[in-house]
Amino acid sequence: MLQKTLSNHLTKKMKWKIPLFDLDYNKQEISAVTSVLKRRWLTMGEKVEEFESKFARFVKAKYAVALSSGTAALHLALKSLDVKAGDEVLVPSITFVASVNAVLYCGAKPVFVDSTSLNDFNISVTELEKKISSKTRGIIVVHYGGFLADMDKITRLARKYDLFVIEDSAHSIGTKSGSKMAGALGEIGCFSFFSNKNLATGEGGMAVTDNEKLAKRIRLMRSHGMTTPTWERFKAVAFDYDIVDLGYNYRMTEIGAALGLEQLKKLISNNRKRKALSKIYIDNLSGVEQILIPFKNHPGDSSHHLFAILLNKKIDREYFMQKLRQKGVQTSIHYLPVHKFSYHRKNYPQKPGSLPISEEIGKREVSLPLHPRMSTEDVLYICQQIKKLIGYL
Ligand SMILES: *Cc1c(COP(=O)(O)O)cnc(C)c1O
């Protein structure tokens, strides 16, 4: 039965008329990978170094450390700040589970904070302040869908209570904040290059910071706490090594870095395409009263990673998503609130109703396809199907 469901699902997936996301890969990516293979050095070499320095320049941070995933970046960011058992870290509940799990990996306690409103899913600054205790060490901010959180207020709050700010910038590659970039606004910024992100390498991540000590610590922990990396030994700069910290294997491959360099070149123009497509969605769905479009009047910049809508309470979301699937349109949910998952509920129970906005978003949100290879016609088709579906036309 399960097997059958799975294979049905796979066949359907192959037939999506408009998938939720798609890679923007072409000849450049293929030749970048081929040239790595020809050079016969597969991990942590010249390409990784080049990707780090170009990425640091892109986000206007002093240091960038390439890692195996966004989750690894979050883990090492917290580790480098000595987050440990007994500490509390403030986290949104409307996020990918990894933002919360990174806190758990350190033995610390995640304290869930509600979203601002149904129009702004980002962490609520008012709720943040209420949840600060003597054990609070810092805040993890997620710029939902790429939309910049209220960093002025958050940074001010952090300074007032002497807390660190880690930006989970998995959605917000390229989001601006005045002359600065998202990811370089707090102590450490964490990026993900997972397949469905704006910059995709399959798996991969980056931690960025202006703090030399933190950068060094993250760099060290990325590869077993080892003093001299393999690359240095290969270049015969060093022959022996010591282990000076408890580290991990969170290294990036040369193939990943080569893909990242190509993807970085396309990022600004692809984010622009995402913005234009989002505007077409807004223009065509704004009149539909059963649908609320969050962030429609958001004052800050966005990398437009997601296009989220909130369905009217009366609309059955399951039915809505099924119907769109029949029309070849893939949709998803961002997110089911983390505090409601079985594991997190069991280990970190919240008072019922204490995160009302997150729960409402979790019940009513639907993400529509958004990626740079979509056409205007694709968006118009989706909007038309939605309007038909809810009886607007
Ligand atoms: C994708 C994502 C992550 C995790 O990144 P990985 O590279 O998949 O480990 C963390 N936080 C958010 C908000 C994400 O969307």
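Numbering of ligands and ligand atoms starts at 1, following listing order.
- Asn249 meets the side chain to side chain donor-acceptor pair (under 3.5 Å) test with no other residue; sequence neighbours excluded.
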At less than 3.5 Å, what protein N or O atoms come close to the N or O atoms of ligand 1? Include the distances to 0.1 Å.
| residue | atom | partner | partner atom | Å |
| --- | --- | --- | --- | --- |
| ligand 1 | 5 (O) | Ser192 | OG | 3.2 |
| ligand 1 | 7 (O) | Gly70 | N | 2.8 |
| ligand 1 | 7 (O) | Ser192 | OG | 2.7 |
| ligand 1 | 9 (O) | Gly70 | N | 3.4 |
| ligand 1 | 9 (O) | Thr71 | N | 2.9 |
| ligand 1 | 9 (O) | Thr71 | OG1 | 2.4 |
| ligand 1 | 11 (N) | Asp168 | OD1 | 3.3 |
| ligand 1 | 11 (N) | Asp168 | OD2 | 2.7 |
| ligand 1 | 15 (O) | His171 | NE2 | 3.0 |
| ligand 1 | 15 (O) | Lys197 | NZ | 3.2 |
| ligand 1 | 15 (O) | Tyr335 | OH | 3.4 |

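- His371 meets the side chain to side chain donor-acceptor pair (under 3.5 Å) test with no other residue; sequence neighbours excluded.
- Scanning for ring-ring contact (aromatic ring centres under 6.0 Å, His included) contacts around Phe51 gives Phe55, Phe193, with sequence neighbours left out.
- Note that Lys17 lies in the cation-pi zone of Tyr381, set by a 6.0 Å cut-off to the ring centre and a 45° limit from the axis.
- Looking only at atom types and distance, the side chain of Tyr250 has a donor-acceptor partner in the side chain of His75 under 3.5 Å away.
- Ion pairing between a basic and an acidic side chain is recognised when a charged N comes within 4.0 Å of a carboxylate O; Lys54 and Glu50 show such pairing.
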